K.L.:
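Here you go, one structure.
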Amino acid sequence: MESGTKSPAWLALPLKTRILVSILGVATDIPRRKDGTVNRCLAKVLDCRTPPTPKPRDGVKTYDVVVDPARKLSFRVFIPIDYAVEDLPVVVFFHGGGFVFLSPAMKVYDAVCRRFAKGFPAIIVSVDYRLAPEHPYPAPHDDSFDVLKFLDDDHENSSKPLPENVNISRCFVAGDSAGGNLAHHVAQRASEFNFRRLKVIGVLAIQPFFGGIERTDSEIRLDGTPPLSMKRTDWYWHALMPASDRDDPIINVSGPKAVDISKIDFPATMVIVGGLDTLQDWQKRYHEWLRDSGKEASLFEYPSMFHGFCVFPDLPESQQLISDIKDFIHRILDTV
């Protein structure tokens, strides 16, 4: 498919959705400069933030926790009030945005995590990691993993960062797009780290942002289907890892330089793929690689969905996604 040509499946989506997704793609182009930097003043227009709500909204209350003031590392906690006395798992969530844009306080991500907290149900910890290109790799990945270490601390001399009814020995790491990449690498590091109480038992990789030197069939065939394009993804990878090629295992996790995970206790993984996502071939390879490495992995496909569909609550597939994740979470919980 030539760039700019839209498939019948794309054209079958609601017009409002197509317009919003197209606007999202263009909006992320505007702050990006040719020299590889970002105009953060313009980017703030995209990242429309909402404050935490100590008083419940939509059945969920939220608050922010600072992990490290020096690097402005924090997270937002989402607590479903209808499950205040239940022993709940914790889902540590990493937002998308190509490692360059967005935040947990952005309205659409605040809303997504509210739906997750009620729908699973679970305590959601949404991580505000540092962004590239100002903070290239390993900053986003280190920040994300450091939140797990922070949660594992007893914090005997400070206020508890999470409510009493959370069970951090039943922890899932999750993320969409760039956040899906982070979820994988955080889970890999967690599998080799000696936590005192926290244990990662599952990975929710929602349309994870992977790539490689090769141009896959889906990248070529769907190039121009919003919100991603090869030109955009190339820019994001360069912003994250300017000195590396795209077969670096941080980018191409299942490629020729892949880390051998066959001998580590990597958790069960749910891989979510959209049929209109240019990155779907990389995501399917990731699923196959996990299985070939002897790990439990489940592939969930949404044939008519584009990259980032989870932030559109009016789509039936977005609602189905929450139901599918809930089933996956409960299945894993039943085995531990």
Side-chain angles (χ1 to χ4, degrees), residues 1 7 9-10 21 25 93-99 112 140-141 144 172-188 202-230 232-234 236-237 240-241 246-259 261 266-293 295-312 315 317-318 320-322 324-325 328:
M1 179 190 306
S7 70
W10 168 260
V21 177
F93 181 80
F94 312 109
H95 66 82
F99 304 100
V112 164
H141 294 71
S144 299
F172 294 78
V173 292
D176 74 306
S177 193
N181 178 295
L182 290 167
H184 166 77
H185 290 293
V186 167
Q188 180 181 311
V203 180
L204 313 173
I206 306 171
Q207 297 180 281
F209 188 24
F210 299 136
I213 292 175
E214 175 195 351
R215 296 299 192 189
T216 66
D217 173 71
S218 65
E219 286 179 301
I220 297 170
R221 176 171 48 86
L222 295 171
D223 192 33
T225 300
L228 288 183
S229 67
M230 287 189 284
R232 287 173 183 149
T233 57
D234 287 351
Y236 289 138
W237 289 130
L240 179 70
M241 304 186 73
R246 289 199 309 276
D247 275 340
D248 187 288
I250 295 299
I251 300 171
N252 190 353
V253 296
S254 58
K257 302 176 185 178
V259 175
I261 64 168
F266 195 87
T269 303
M270 178 181 187
V271 184
I272 290 91
V273 175
L276 296 178
D277 188 349
T278 62
L279 302 179
Q280 63 182 275
D281 286 349
W282 294 113
Q283 296 154 2
K284 291 176 181 178
R285 290 183 187 184
Y286 172 60
H287 169 257
E288 293 171 1
W289 171 73
L290 288 172
R291 293 177 66 87
D292 289 345
S293 299
K295 308 306 171 186
E296 180 182 346
S298 304
L299 184 69
F300 289 74
E301 297 188 69
Y302 301 78
S304 60
M305 286 295 98
F306 49 89
H307 192 82
F309 76 92
C310 70
V311 303
F312 291 83
L315 293 172
E317 289 85 353
S318 184
Q320 182 62 44
L321 173 65
I322 292 179
D324 289 340
I325 294 177
F328 176 83

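In this text, all values refer to a predicted model and were calculated from it rather than measured experimentally. Values reported hereafter were calculated over all heavy atoms of this structure, with side chains retained and with hydrogens, waters and symmetry mates removed.
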K.L.:
Indicate the atoms forming the closest heavy-atom contact of Ile272 with Pro208, along with that distance.
P.N.:
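Heavy-atom minimum between the residues: O-CD, 4.0 Å.
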K.L.:
State, to 0.1 Å, how close Pro249 and Ala258 come at their nearest heavy-atom pair, and which atoms those are.
P.N.:
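Where Pro249 meets Ala258 most closely, the heavy atoms are CB-CA, 4.4 Å.
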K.L.:
To the nearest 0.5 Å, tell me how far Ser144 OG sits from Leu182 CG.
P.N.:
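Taking OG in Ser144 and CG in Leu182, the distance rounds to 4.0 Å.
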K.L.:
Could you give me the CA-CA distance, side-chain angles and deciding distance for Glu288 and Tyr286, then say whether side chain to side chain contact (heavy atoms under 4.5 Å, CB included) is met?
P.N.:
CA-CA 5 Å; Glu288 293 171 1; Tyr286 172 60; over 6 Å; no
K.L.:
Assert yes or no for the condition that the ring centre distance of Trp282 to Phe209 is strictly below 6.0 Å.
P.N.:
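No, the ring centres sit 6.0 Å or more apart.
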K.L.:
Is it true that the side chains of His307 and Thr278 contain a donor and an acceptor less than 3.5 Å apart?
P.N.:
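His307 vs Thr278: no donor-acceptor pair found between side chains.
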K.L.:
Indicate the atoms forming the closest heavy-atom contact of Asp247 with Lys257, along with that distance.
P.N.:
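Scanning both residues, the minimum pair turns out to be O-CD, 3.4 Å.
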K.L.:
Can you tell me which residue among Arg221, Met305, Arg285 is in a side chain to side chain contact (heavy atoms under 4.5 Å, CB included) with Gln280?
P.N.:
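Answer after filtering Arg221, Met305, Arg285: Arg221.
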K.L.:
Could you give the distance from SG (Cys310) to CD1 (Ile325), rounded to the nearest 0.5 Å?
P.N.:
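Going from SG on Cys310 over to CD1 on Ile325, the span is 8.0 Å.
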K.L.:
Can you tell if the side chain of Asp281 reaches within under 4.5 Å of the side chain of Glu219, non-hydrogen atoms only?
P.N.:
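Answer no - side chains too far apart.
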K.L.:
Measure the CZ-CE distance between Phe172 and Met270 for me, rounded to the nearest 0.5 Å.
P.N.:
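If I round to the nearest 0.5 Å, the distance is 11.0 Å.
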K.L.:
For the residue pair Gln207 / Asp277, report whether a side-chain donor-acceptor contact shorter than 3.5 Å exists.
P.N.:
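Note: Asp277 and Gln207 side chains meet the donor-acceptor criterion.
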K.L.:
Mind telling me whether Trp10 and Phe306 have parallel, tilted or perpendicular rings, with 30° and 60° as the class edges?
P.N.:
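Phe306 vs Trp10 ring planes: perpendicular.
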K.L.:
Please determine whether a side-chain nitrogen of the Lys or Arg among Glu301 and Lys284 lies less than 4.0 Å from a carboxylate oxygen of the Asp or Glu.
P.N.:
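Yes, charged N to carboxylate O under 4.0 Å.
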K.L.:
Starting at CG of Leu315, measure out to CZ of Phe312 and round the result to the nearest 0.5 Å.
P.N.:
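Reported value, rounded in 0.5 Å steps: 7.0 Å.
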K.L.:
Ignoring hydrogens and geometry, is there a side-chain-to-backbone donor-acceptor pair from Asp223 to Ser229 under 3.5 Å?
P.N.:
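No, Asp223 side chain to Ser229 backbone: no donor-acceptor pair under 3.5 Å.
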K.L.:
Do the ring planes of His184 and Phe266 sit parallel (below 30°), tilted (30 to 60°) or perpendicular (above 60°)?
P.N.:
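Tilted: the ring planes of His184 and Phe266 meet at 30° to 60°.
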K.L.:
Between Asp176 and Phe94, is a side chain to side chain contact (heavy atoms under 4.5 Å, CB included) present by the stated rule, with each step listed?
P.N.:
CA-CA 7 Å; Asp176 74 306; Phe94 312 109; over 6 Å; no
K.L.:
If I take atom CD1 from residue Ile250 and atom CZ from residue Phe99, how far apart are they, to the nearest 0.5 angstrom?
P.N.:
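CZ of Phe99 is found 8.5 Å from CD1 of Ile250.
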K.L.:
If I compare all heavy atoms of Ala183 with all of Gly175, which pair ends up nearest, and what's the gap?
P.N.:
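Closest approach of Ala183 to Gly175: CB-N, 4.1 Å.
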K.L.:
Tell me whether the count of non-hydrogen atoms from other residues, nucleotides or ligands lying under 6.0 Å of CZ in Arg215 goes above 12.
P.N.:
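Yes, the 6.0 Å shell around CZ holds more than 12 heavy atoms from other groups.
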K.L.:
Between Thr269 and Pro267, is there a donor-acceptor pair closer than 3.5 Å when you use the side chain of the first and the backbone of the second?
P.N.:
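Yes.
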K.L.:
Of the non-hydrogen atoms in Ser304 and Leu276, which two are nearest, and what is the gap between them?
P.N.:
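Closest heavy-atom pair between Ser304 and Leu276: O-CD1, 3.5 Å.
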K.L.:
How many angstroms lie between atom CH2 of Trp237 and atom CZ of Arg246, to the nearest 0.5 angstrom?
P.N.:
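Going from CH2 on Trp237 over to CZ on Arg246, the span is 9.5 Å.
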